[in-house]
Amino acid sequence: MNYWLMKSEPDAYGIEDLKRDRTTVWDGVRNYQARNFLRSMAPGDLVFFYHSNTTPPGIVGLMKVAEANIDDPTQFDAKNKYYDPKATKESPRWQTVVVAFVEIFPQFLSLDALRETFNPNELSVVRQGNRLSVMPVPEEVAQTILKQAKG
DNA sequence: GCCAACGTTGGC
DNA sequence: GCCAACGTTGGC
């Protein structure tokens, strides 16, 4: 079982939306490094939900991989903003996961707080200028986050 | 709203 | 294959 962190802007899709929906397809990732991390996820993996582009940004909750390695349906939809004309059903380019809501943490962990605890090598979301939206979280780091987030 | 970081595109 | 131009992310 592995730990991950994924970003979303709460204005687009936040943890409250996932709580309401219970599960969602994590669609729209169009970065190869992020996609490769998505491809290596397995059912049962735990994913920290990070709110980006908000004040303040930080980790708000936890989700779990329910289904791994599915084709992102938005790549086939010509009306979708994530449509990829180079992708076909026979040779899709973008895979993702279905995630399930687990919890909203009692303690919000702001980016500032994360920076106080971790260096960029431990948790790359604290690296300045980091734009990757999907990243692995080492086991020890994940345990520390869970401890702090649960108060 | 600004701008640093950085991935992608396209001319050569 | 290089790299300038461009577009996007995301913190501030």
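Throughout, a chain's letter reflects where its sequence line sits, starting with A, and its residues are numbered from 1.
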- Item | Sugar-phosphate only, base, or nothing, as touched by A/Arg115 at under 4.0 Å among non-hydrogen atoms |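 The answer is sugar-phosphate, as A/Arg115 gets under 4.0 Å only of primed atoms, P, OP1 or OP2.
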- Quick one: ring pair (Phe, Tyr, Trp, His ring centres under 6.0 Å) partners of A/Tyr82, sequence neighbours excluded?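 Expected list: none.
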- Message: Quick test of your reading of the model: are A/Arg30 and A/Asp72 salt-bridged, counting only N-O distances below 4.0 Å?
- Response: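 Yes, A/Arg30 and A/Asp72 are salt-bridged.
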- Item | Closest-nucleotide 5' rank along DNA chain B - winner of A/Arg127 and A/Asn53 |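 With A/Asn53 and A/Arg127 compared, the 5'-side residue is A/Asn53.
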Under 3.5 Å, which donor-acceptor pairs link side chains of residues 144-151 of chain A to any protein atom two or more places apart or in another chain?
unit_1   : atom_1 : unit_2   : atom_2 : d
A/Thr144 : OG1    : A/Glu140 : O      : 3.0
A/Lys150 : NZ     : A/Glu103 : OE2    : 2.7

- Message: For A/Trp26 and A/Tyr13, take the angle between the two ring planes, folded into 0 to 90°, and tell me which bin it lands in: parallel under 30, tilted 30 to 60, perpendicular over 60.
- Response: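 Judged by the thresholds at 30° and 60°, the geometry between A/Trp26 and A/Tyr13 is perpendicular.
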- Query: Which residue pairs pass the side-chain hydrogen bond (donor to acceptor under 3.5 Å, both in side chains) test with at least one member in residues 46-56 of chain A, sequence neighbours excluded?
  - Reply: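 Listed once each, the pairs are A/Glu9-A/Asn53.
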- Residues of residues 29-36 of chain A with any non-hydrogen atom less than 4.0 angstrom from an atom of DNA chain B: list those, numerically ordered, please.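 Close to the strand are A/Asn31, A/Tyr32.
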- Item | Neighbour count >12 (heavy atoms, 6.0 Å) for atom CZ, A/Arg22 |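 Atom CZ in A/Arg22 is not crowded, with 12 or fewer foreign heavy atoms closer than 6.0 Å.
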- Would the A/Trp4 and A/Phe49 ring centres measure less than 6.0 Å apart?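 Centroid distance A/Trp4-A/Phe49: not below 6.0 Å, so no.
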- Taking side chain to side chain donor-acceptor pair (under 3.5 Å) as the test, write out the residues that go with A/Asn80, two or more places apart.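 With sequence neighbours excluded, A/Asn80 shows a side chain to side chain donor-acceptor pair (under 3.5 Å) to no residue whatsoever.
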- Which is the 5'-most and which the 3'-most nucleotide of DNA chain C that has an atom under 4.0 Å from a heavy atom of chain A?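 The protein-touched segment is C/dG7 to C/dC12.
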